[in-house]
Amino acid sequence: MQIYPLPVLRDNYIFLLVDPSSSTAAVVDPAEAAPVLSKLQELQLDLVTIFNTHHHQDHVGGNRDLLKVYPHAQVYGSVQDLGRIPGQTVGLEAGEQVQFAGQGAEVYFVPGHTRGHIAYYFRTSGDLFCGDTLFAGGCGRLFEGTPAQMLDSLDQLRHLPGNTRVWCAHEYTLNNLRFALSVDGQNLELRKRMERTQQMRQRQEPTVPSTIAVERATNPFLRWDDTSLQAHAGSQNPIAVFTYIRAAKDHF
Ligand code: ZN
Ligand code: FE
């Protein structure tokens, strides 16, 4: 499976997944149809699957126009999002497997940003598509969920193998790391990551994908058991630490 990130809108990424052996493609969170259609044409591929992580417009905005050209494509999303993801054909539950390119993708139920948010984990290749749940250096805002739900969702992702590639849906990394340094400034790994990230952005390179190992070491939203973050939050309770950091980021 080959993965092409397509930067769209202000700071979104659409991911085009390609199975060269069958000349088929899948797309993760098509915010818009046009860039996907032109890439499919360029590579001469048939679109067979749309993977949606959640119902927000900047993740499903291209569904309808893609289906006009590829009406046979399956549209996957959470069972909770049936009725609010355009063209959705399958409602998925936690633990289900879906197939693409001869590989299974496991469905993780990761509410918090929205109540129906899911992530797709391709265990064989080590690729995680997590939408607006886990970001490089950050996490999604809590629009339809509680801190406890988001913490549980992030904890599931935190347990994936360290070399798992984290394909999140937005290029928010630089801002996320600025905030991370404000609550975890003594973290050497984090400081080095900031330097690397600044250089990458100066060269206009994407900072996505990240890896689970890098996130565990530097992302404050995965570090509720770190003593310096606990000291910042004034608590050792994971939910209290997470709630404190999320609120601080909301006002950063
Ligand atoms: Zn969203
Ligand atoms: Fe988004």
Side-chain angles (χ1 to χ4, degrees), residues 3-17 26-36 50-66 75-88 91-92 94 105 107-121 127-154 156-157 165-180 201 206-210 215 219 221-222 242 245-247 249-252:
I3 302 172
Y4 297 86
L6 308 175
V8 298
L9 306 180
R10 232 173 92 101
D11 48 36
N12 277 76
Y13 288 118
I14 298 172
F15 301 111
L16 189 72
L17 318 185
V27 67
V28 182
D29 283 353
E32 296 182 297
V36 180
I50 298 174
F51 293 110
N52 286 129
T53 62
H54 65 295
H55 73 291
H56 283 160
Q57 182 66 16
D58 62 317
H59 298 254
V60 305
N63 281 18
R64 288 270 181 229
D65 284 341
L66 289 172
V75 181
Y76 291 118
S78 166
V79 66
Q80 304 254 3
D81 278 341
L82 281 167
R84 56 182 199 170
I85 290 181
Q88 183 173 355
L92 297 168
V107 175
Y108 280 62
F109 185 54
V110 286
H113 178 67
T114 65
R115 63 180 166 80
H117 203 302
I118 56 176
Y120 300 90
Y121 173 49
D127 293 298
L128 171 72
F129 297 93
C130 51
D132 290 354
T133 297
L134 175 62
F135 288 129
C139 79
R141 281 176 187 268
L142 306 183
F143 288 118
E144 298 178 355
T146 63
Q149 279 177 322
M150 189 58 138
L151 179 73
D152 179 70
S153 296
L154 292 170
Q156 292 180 54
L157 304 182
R165 281 179 292 269
V166 176
W167 300 92
C168 57
H170 289 273
E171 181 61 61
Y172 288 161
T173 316
L174 204 50
N175 267 332
N176 285 340
L177 295 182
R178 281 193 193 109
F179 168 74
R201 292 312 289 157
T207 64
V208 174
S210 164
E215 296 311 320
N219 186 329
F221 296 100
L222 295 188
F242 180 83
I245 297 170
R246 188 59 257 175
K249 175 69 165 67
D250 287 343
H251 300 109
F252 186 66

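Just so you know, ligand 1 is whichever comes first in the structure, and atom 1 is the first atom listed for that ligand. Predicted model, so just to flag it, every value in this text is computed and none were measured. Nothing fancy with the numbering, it's 1 onward along the sequence.
N52 and D81 form no side-chain donor-acceptor contact under 3.5 Å, judged by distance and modelled atom types alone. Residues H54 and T114 bring no donor and acceptor atom of their side chains to less than 3.5 Å of each other.
Residue contact annotation: H113 places an N/O/S atom under 2.8 Å from the Zn ion (ligand 1). Residue H59: no N/O/S atom is found under 2.8 Å from the Zn ion (ligand 1).
The ring of Y13 has its center no closer than 6.0 angstrom to the ring center of H170. Taking the six-membered ring for Trp, F51 and Y120 have ring centres closer than 6.0 Å. Ring centroid separation for the pair H56 and F143 comes in under the 6.0 Å cut-off.
For D132, the N, O or S atom closest to the Zn ion (ligand 1) goes by the atom name OD2.
Distances under 2.8 Å from the Fe ion (ligand 2) pick out the protein N/O/S atoms D58 OD2, H59 NE2, D132 OD2, H170 NE2.
Rounded to the nearest 10 degrees, the angle ND1 (H56) to the Zn ion (ligand 1) to NE2 (H54) equals 90°.
Put simply, CD on Q88 and CG on L82 are 4.0 Å apart, with the number rounded to the nearest 0.5 Å.
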- Could you please spell out the steps behind the side-chain contact (heavy atoms from CB on, under 4.5 Å) verdict for R141 and D132? CA-CA 8 Å; R141 281 176 187 268; D132 290 354; over 6 Å; no
- Task: Report the C-alpha separation of C130 and V166 in whole Å, then their side-chain angles, then the decisive distance to 0.1 Å, and conclude whether the side-chain contact (heavy atoms from CB on, under 4.5 Å) test is met.
- Result: CA-CA 7 Å; C130 51; V166 176; 3.7 Å; yes
